[in-house]
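Report on one structure; see the data block that follows.
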Amino acid sequence: MALMTCQEAALAALAHEMQEDPTIWALGEDLGRGGVFGQYRGLQQRFGAERIVDTPISEATIMGAAVGAAMMGTRPVVEMRIADFALCAVDELVNQAAKARFMFGGQAKVPLVARHPMGTWKNLAAQHSQSLEAWWVHVPGLVVAAPATPADCAGLLKSSIRCDDPVVLLEHKDLWTYAAEVDEALPPVPLGVAECARDGRDLTLVTWSAARHLALAAADAAAATGIEVEVLDLRTLWPWDRGAVLGSVSRTRRLLVLHEAVQVAGFGAEIAATVAETLGSILAAPVRRLGAPRVPIAYAPPLEAVYRIDQGRVLATIQGLVRG
Amino acid sequence: MALMTCQEAALAALAHEMQEDPTIWALGEDLGRGGVFGQYRGLQQRFGAERIVDTPISEATIMGAAVGAAMMGTRPVVEMRIADFALCAVDELVNQAAKARFMFGGQAKVPLVARHPMGTWKNLAAQHSQSLEAWWVHVPGLVVAAPATPADCAGLLKSSIRCDDPVVLLEHKDLWTYAAEVDEALPPVPLGVAECARDGRDLTLVTWSAARHLALAAADAAAATGIEVEVLDLRTLWPWDRGAVLGSVSRTRRLLVLHEAVQVAGFGAEIAATVAETLGSILAAPVRRLGAPRVPIAYAPPLEAVYRIDQGRVLATIQGLVRG
Amino acid sequence: MSEATVQPTGPVLEGANDAMLARLIAHQRTMARIRAFEEAAAEAAAAGEVLGLVHPSIGQEAVAAGVCANLERHDLVTSTHRGHGHTLAKGADLAATMAELFGKASGFCKGKGGSMHIADFSVGMLGANGVVAAGIPIAVGAAQALKLRRLPGVAVTFFGDGATNRGPFFESLNWAALFRLPVLFVCEDNGFGSTTRNEAVSAGPGPAARAEACGVPARTVDGSDVAAVDEAAAALLAEIRASGSPRLLHARTHRFLGHTSIDAQGYRSADELAACRKSDPIAFNAARLRALGCADAEISAIAAAAGGEVAAAVAAARAAPHAPSHEAFADIQDIGGGLWR
Amino acid sequence: MSEATVQPTGPVLEGANDAMLARLIAHQRTMARIRAFEEAAAEAAAAGEVLGLVHPSIGQEAVAAGVCANLERHDLVTSTHRGHGHTLAKGADLAATMAELFGKASGFCKGKGGSMHIADFSVGMLGANGVVAAGIPIAVGAAQALKLRRLPGVAVTFFGDGATNRGPFFESLNWAALFRLPVLFVCEDNGFGSTTRNEAVSAGPGPAARAEACGVPARTVDGSDVAAVDEAAAALLAEIRASGSPRLLHARTHRFLGHTSIDAQGYRSADELAACRKSDPIAFNAARLRALGCADAEISAIAAAAGGEVAAAVAAARAAPHAPSHEAFADIQDIGGGLWR
Ligand SMILES: Cc1ncc(C[n+]2csc(CCOP(=O)(O)OP(=O)(O)O)c2C)c(N)n1
Ligand SMILES: Cc1ncc(C[n+]2csc(CCOP(=O)(O)OP(=O)(O)O)c2C)c(N)n1
Ligand SMILES: [Mg+2]
Ligand SMILES: [Mg+2]
């Protein structure tokens, strides 16, 4: 075991995969200098400029070229720099990468990883802070993952690279420097499998990405008041681990979904709706979601704070659900 | 009253608005020839090439220019031709149009209408048939509407044009030739107000766009079996008419949401989750959604059919919910 | 071009020899197959047997034929909504192409794609595309993969004049020049984007100038003369293979039919249409063949053979079964595919 | 440029007169205010008083000053992530600009935007932008609105060399030329896009050639010489106003600091940085002013005044309150805004 940040773990995972498989390459802006978050540090020196490619500011072509390169036997790792800039390349991701295999009747696969550094960080305001995972889950053909720990950042990156599907990997900007113990081998983490981050009998709290840490803190606070919360970190959003969620809620009979993204039409709606449809008749309390208000993300801290969910609100919601 | 198609009604509404307000103009490809669906027929002859603008195939700039023009005192009607091509202009819609007013602290408004001809029609396959309303509802700053009748196509277009917000107007490709009686004055239809298309006491069926017609047919079939279904056509998806939906479900205690789009992370999840959260404890049956499977839309009719929901399935679902 | 007025000229005729004649005959065959295919596709669309939108390339056959005659099987092609000609010229099986238009299981895409998504990866045809200009960066990336894997081959991307106004076209030019990728950009300039004239939506001197401004050398050619296209494509491809860097071919051509098979072209006068039909690449090449001593019978035999092949393909496609509906859940993704929710 | 080595030349000096001197002094004032503002902003960012990312335009002041000196209040500007200079040069209040960087209610955007979204619509400054090249089509559309409404005015869009590789740049050039819109495209070419050198990501002869290939006449100028920028912008703007059609100005300039205020520029040698600092537009213009007889004291008074104004603005911004948190629910949309769900 070793202490590693998400950035260190993801960097090591990518380096490991590139060492093993010469068809893996990465493309994006400023990768030669290590990438915006250091997640490519040293890789150009090690693997050369042909495999760690500094691109022009041409998001549409970064993504479009990756589609062609993926169809032709390579595994591109596409760096979108900030998830919001991926909006300059949506045709390429949604109309091309996600659909090519199907439209061509299985003649081609598109094994690429689109890395989207998501979420609020450093008060970057409305065009650099969005969390749009719900969009990508809605698109047939895409796998979507959103790790929250160094082990998962590394393990899901490995699995995403090895996966033959286009994967949108949502890496939270605020977690790059988050450190935790990891198995130094950084084993791949299977796509589609949730992690039970905390056992509990009273309520199932489903979450992913940075909100996992908020969920665990709130669960600890709830434990101090005698409520035992089970925290499930989905890790992969498509396919999401229905079995784990439904199994847990079958036991706890209470569901809270917590995520950073806007609540309206967020991915929490899918989880809540599915649980309500499937287990609605056995629930001890109505399903519940906590997400951001439907507002653009402001720059000034007191205004940005409105977008963030704090531990007190999570705790109060848990207590409301369990104590009625 | 007069019989009009959606195309005729929308065309008349746009002509009326353009006549009244010289700051309204439309831009998109081939508008001079009437637009792909005839929804601009004759307007260039009437209003000139400066107000009905034939643009290059430059979706990003069609949308981006509309943002600038909207901020500068005009009301652009942006024709995206096929909703799927709007994916070439997502930064412009989501990062710019939707956020400008907020980011600039209210200094600018962005009164534009982005017309997205959506949905399956004529076996156009995976890149010409998508229904992505859930995406736009998720984006703070956008109004989203999806009419299903000639009166609503006209009335919501008028209201969208008059609205100071950026509106995504989802016009279903399969409805352009659908005809129904309309008030010849084509009165504006207020944004945010659902229409109760059919009264019923046993179940609330919430729907929008082309699925309204399927819902009504299924409701008729259900009535023949003694089940009275209330059909609510949301018409506007953001803001959606919570009052109407919650009011109706409070009475019927049963909810079915029906939409053409992919069910996973579709907008039906938001309705179902909200109802489950709010009324979960009084429901007579768990909430239920019917949407498309998470597959790209195929070309060949038997494969495309998988994507479509048929009346039999809606009826069976209604019966299952009511009879248990 | 009416046969009486044809005046074939140029280098092809001067040094004419057997190899050249054979090449022109091969072009004639390719073009005749495309023409017959497009006519049948349009007819089947009118009959409701082919669905969606069909964009025939009638009048433009010389571009596909002249360019693809210079490609090896391992070379790659990306195409557009108007992609049947490129598919056939690149060597795809005609019957499987037709079957795809009919949406049948025996089609290249099992009926999942149809006309706008026709592809045959086995011959390097990486797909038509329903989104204007979207095939361009895909070709560029395919070329980048070839280079990375030290594989031989070039990627050719066909696109229309209308596509030259979309951002990805420019981005891809810069990208291909920058990374020195073996890409041939082929602009099929038929003067129209759907119902709108190119000059009404494009400013500046044209596609070649745009390419050169992004570092991609370019040539303009008469796209109705298959020998001229062949010669220009051969020269540019030789430069690409030698230098490893991209080139653009701007081919002026004519779209005889409407944008789609159901577009009656009310926006073009009868005179204009008649004039443009005079540049029929098939008639032009036939006249050249005759001038080189080819017998009329041989030329009509080419057309007849193409017609027969296409008729057989239509009959087979008509008779073929659709894929079973569970195929709609296959070929989506390995992880999480085929799930309803 | 070290003052001893400055050799001011060119038309400005030859016909020097009082009006010219006054204009150069005005430029000096504009540039000094931008410089002082940027230094204070970077300092406040280092102190954690200004959040997000701050992109100082130190070294590039002559472009904003020289271009905006030719604009009326009703003319429009769109800008980039590096937008403080354009904002001030267009006439925005310096204190309200600084307050926005501090995120305070007295800022132009009430603290909702911050540095990357600074805007002052009252002077026609339609916004910085967090997305590279996104301001370009917005300016083009703004110009189209002016034309439609028969209003006077031009729209100027500032963007970096890096932005010239994004599709919307090309699309907008074609669009503006096609529709004959009064747009001045200004490429501030500092040779870098973030940490990457422009020559490593851009092929072909450069922004001016790209513009001309899309029908937009262009000029290249020394962007460190405010008088040269002024002269070129004046000429191009006159052409735009006369013809109603667009032009591009390519200004070569230098970014003295890193991409952001926290970028230590490890990718540039000390020598390179020292060399580029020799092209300091403020020192260069100061030398020219001295050569024209302007007293040292007058020049230092300009810098001192700017420093004082900025210091006052910082103090005011620091002291000002944040907007109340309910402001986060305002200015979103009329219909359906301010709702939690
Ligand atoms: C991004 C996008 N915008 C619009 C369309 C609709 N469309 C399909 S073909 C076409 C015209 C294309 O013109 P051109 O590139 O010249 O090709 P041609 O049809 O002439 O072969 C248009 C506008 C589309 N498919 N994709
Ligand atoms: C679409 C997009 N891609 C990437 C970025 C990240 N980014 C911000 S500034 C910048 C460099 C821009 O270079 P240039 O246009 O030359 O402007 P400069 O910073 O030199 O003023 C990059 C890559 C962005 N903001 N938007
Ligand atoms: Mg064309
Ligand atoms: Mg730069």
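Below, read A as the first sequence line, B as the second, and so on, with proteins coming before strands; counting in each chain starts at 1.
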Using heavy-atom distances under 4.5 Å, tell me whether L27(A) contacts chain C through its side chain, its backbone, both, or neither.
side chain
Donor-acceptor pair, distance only, cut-off 3.5 Å: does the side chain of K110(C) make one with the backbone of G105(A)?
yes
Taking all non-hydrogen atoms of both residues into account, name the closest pair between I332(C) and F102(A) and its distance.
CG1-CD1, 3.7 Å
For the CD atom of Q107(A) and the CE atom of M125(C), what is their distance to the nearest 0.5 Å?
9.0 Å
Would you kindly say whether N129(C) and Q96(A) are connected by a side-chain donor-acceptor distance under 3.5 Å?
yes
Chain A heavy atoms under 4.5 Å from D120(C): which part of the residue, side chain, backbone, both or neither?
both
All heavy atoms of N174(C) vs all of P56(A), minimum pair found to be ND2-CG, 3.6 Å
Donor-acceptor pair, distance only, cut-off 3.5 Å: does the side chain of Q333(C) make one with the backbone of G141(A)?
yes
Spell out the residues in residues 71-84 of chain C that have some non-hydrogen atom less than 4.5 Å away from a non-hydrogen atom of chain A, in order of number; otherwise answer 'none'.
L76(C)
Return yes if some donor-acceptor pair links the side-chain N/O of R149(C) with the main-chain N/O of M72(A) below 3.5 Å, else return no.
yes
Do side-chain atoms of W238(A) reach the backbone of G336(C) as a donor and acceptor pair under 3.5 angstrom?
yes
Heavy-atom distance under 4.5 Å to chain A: side chain of L151(C), backbone, both or neither?
neither
I would like to know whether R162(A) and D334(C) meet salt bridge (charged side-chain N to carboxylate O under 4.0 Å, His left out); could you show each step before the answer?
CA-CA 11 Å; R162(A) 295 179 194 181; D334(C) 288 346; over 6 Å; no
Where does V53(A) contact chain C at under 4.5 Å (heavy atoms): side chain, backbone, both or neither?
side chain
Heavy-atom cut-off 4.5 Å, strictly under: side chain, backbone, both or neither for A155(C) against chain A?
neither
Closest approach of F104(A) to A119(C) (non-hydrogen atoms, all atoms of both residues)
CD2-CB, 3.6 Å
Contact class of A323(C) relative to chain A, heavy atoms under 4.5 angstrom:
neither
Among G130(C), A328(C), G124(C), which has the most heavy-atom pairs under 4.5 Å with chain A?
A328(C)
Minimum heavy-atom distance F179(C)-T55(A), with the two atoms named:
CZ-CA, 4.1 Å
Shortest non-hydrogen contact from E50(A) toward L148(C):
O-CD1, 3.4 Å
Those residues of residues 164-171 of chain C that come under 4.5 Å of chain A on a heavy-atom basis, listed by number, are P168(C), E171(C)
Which heavy atom in C163(A) sits nearest to a heavy atom in I335(C), and how many Å separate them?
SG-CG1, 3.6 Å
Chain A neighbours within residues 100-109 of chain C, where any heavy atom lies under 4.5 Å away:
F108(C), C109(C)
Within residues 131-143 of chain C, contacts to chain A at heavy-atom distances under 4.5 Å involve V131(C), A134(C), P137(C), I138(C), G141(C), A142(C)
If one checks every heavy atom of K99(A) against chain C at 4.5 Å, the contacting part turns out to be neither
